[in-house]
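Atoms within each ligand, like the ligands themselves, are counted from 1 in listed order.
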Amino acid sequence: MSEMVPQSHPRYASLKTREKIVEGVEGGITGFNGLIAQGRGEALDYFIGERTTSAGYDAERAAIAMLLLAEQPVLSVNGNVAALVPEEMVGLAEKIDAPLEVNIFYRTEERVQKIADLLRRFGGKRVFGEDPDTLIPGLDHARAKATREGIYNADVVLVPLEDGDRCEALVKMGKKVITVDLNPLSRTARFATITIVDNVVRALPNLVELADEMKELSREELEAIVEGYDNFDVLRRSVQEMIGYLEEQF
Ligand code: ATP
Ligand code: MG
């Protein structure tokens with residue numbers, strides 16, 4: 001289908017993203033529910049004008065500061081993230097020296113394997129998830145599976161497009177949770193330590209770039225960014241930016 005969408009199409013980026021999710025489903029990387037999640041995301045992306053807002057960018061900066069300060073950061077990859085930004089996830093893992101862990105909502109061993117293989121094809125060196133050896137407390141068995149070397153013992157976890165219950169369970173374990181979620185009202189957005197209200201296809205390239213820029217900062221400077229960050233305020237600003245954008249339209 002890619003040949004059928006001309007680059008001059010006003011919503012080219014959005015259509016490309018949709019196509020990648022469809023290809024993810026066809027290739028056994030993304031579950032069917034991933035299509036529905038993408039649809040929810042797209043609707044909200046319209047509301048913020050399909051651009052990174054200033055609140056989104058502040059959350060992205062705080063996320064990198066937190067990841068650079070982390071002792072054991074881990075990047076979690078699900079079926080939608082694997083379809084949309086596999087290369088950027090591997091690139092970010094490299095820059096902040098973190099492993100990746102495949103962590104999918106509708107778990108099948110085959111899909112976990114396919115996602116892990118995909119990440120390795122993009123150069124992922126430490127990729128976990130195929131051999132879970134523990135469970136996250138408070139979740140039912142299939143959703144609780146985790147790896148001690150990865151998410152289970154991490155202090156900071158980046159979980160883009162995460163489910164609300166799992167986000168809550170990770171926070172209850174005492175972890176700092178960074179998410180990317182276009183819905184500022186979702187349970188995930190409210191539970192997370194840092195919520196990046198942006199499309200994952202814009203957020204990940206931004207995060208990779210910020211990791212390069214910010215690794216020059218001192219520990220004190222990074223700590224000041226994290227300490228000055230207020231997630232509730234960022235969610236409120238995200239909603240205000242949505243309202244402002246909508247009001248400008250007509
Ligand atoms: P809750 O967190 O309340 O359980 P939910 O059930 O809608 O909300 P999930 O399906 O568990 O959430 O997670 C998907 C979330 O990711 C949705 O909030 C959706 O808006 C968002 N989303 C989907 N696609 C993208 C994308 N490309 N970029 C950013 N966010 C996205
Ligand atoms: Mg949910």
Legend entry - Salt bridge present between Arg51 and Asp45 (N-O < 4.0 angstrom): no
Inset, instruction - Answer yes or no: is there an ion pair linking Lys20 with Glu23, defined by an N-O contact shorter than 4.0 Å? - result: no
Between the side chains of [X] and [Y], is a donor N or O closer than 3.5 angstrom to an acceptor N or O?
X      : Y      : result
Asp155 : Gln72  : no
Arg190 : Asn231 : no
Ser76  : Glu101 : no
Tyr46  : Arg11  : yes

Atom indices of ligand 1 within 4.0 angstrom of [X] heavy atoms, with elements:
X      : value
Thr188 : 2 (O)
Gln38  : 24 (N), 27 (N)
Asp163 : 4 (O), 11 (O)
Asn183 : 18 (O), 20 (O)

Legend entry - Distance-only N or O hit between ligand 1 and Leu182, under 3.5 Å: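 Yes.
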Legend entry - Contact check: Leu44 vs ligand 1, nitrogen or oxygen atoms, below 3.5 angstrom: no
Inset, instruction - With heavy atoms only and a cut-off of under 4.0 Å, state how Glu162 meets ligand 1: side chain, backbone, both or neither. - result: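 Glu162 to ligand 1: backbone contact only, side chain stays beyond 4.0 Å.
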Inset, instruction - Using a 4.0 Å heavy-atom threshold (strictly under), name the region of Asp198 that reaches ligand 1: side chain, backbone, both or neither. - result: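 Only the backbone of Asp198 comes within reach of ligand 1.
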Legend entry - side-chain hydrogen bond (donor to acceptor under 3.5 Å, both in side chains) between Glu149 and Asn153, intermediate numbers included: CA-CA 6 Å; Glu149 274 183 285; Asn153 282 315; over 6 Å; no
Inset, instruction - Report yes or no: does a heavy atom of Asn80 sit under 4.0 Å from some atom of ligand 1? - result: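 Judged by the 4.0 Å heavy-atom criterion, Asn80 does not count as contacting ligand 1.
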Inset, instruction - May I ask whether Leu84 has any heavy atom positioned less than 4.0 angstrom from an atom of ligand 1? - result: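 Yes, Leu84 has heavy atoms under 4.0 Å from ligand 1.
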Inset, instruction - Can you establish whether the number of heavy atoms outside Lys145 located under 6.0 Å from its atom NZ is more than 12? - result: yes
Inset, instruction - Give the single entry among Arg40, Glu42, Glu168, Arg187 that approaches atom 6 (O) of ligand 1 most closely by any heavy atom. - result: Arg40
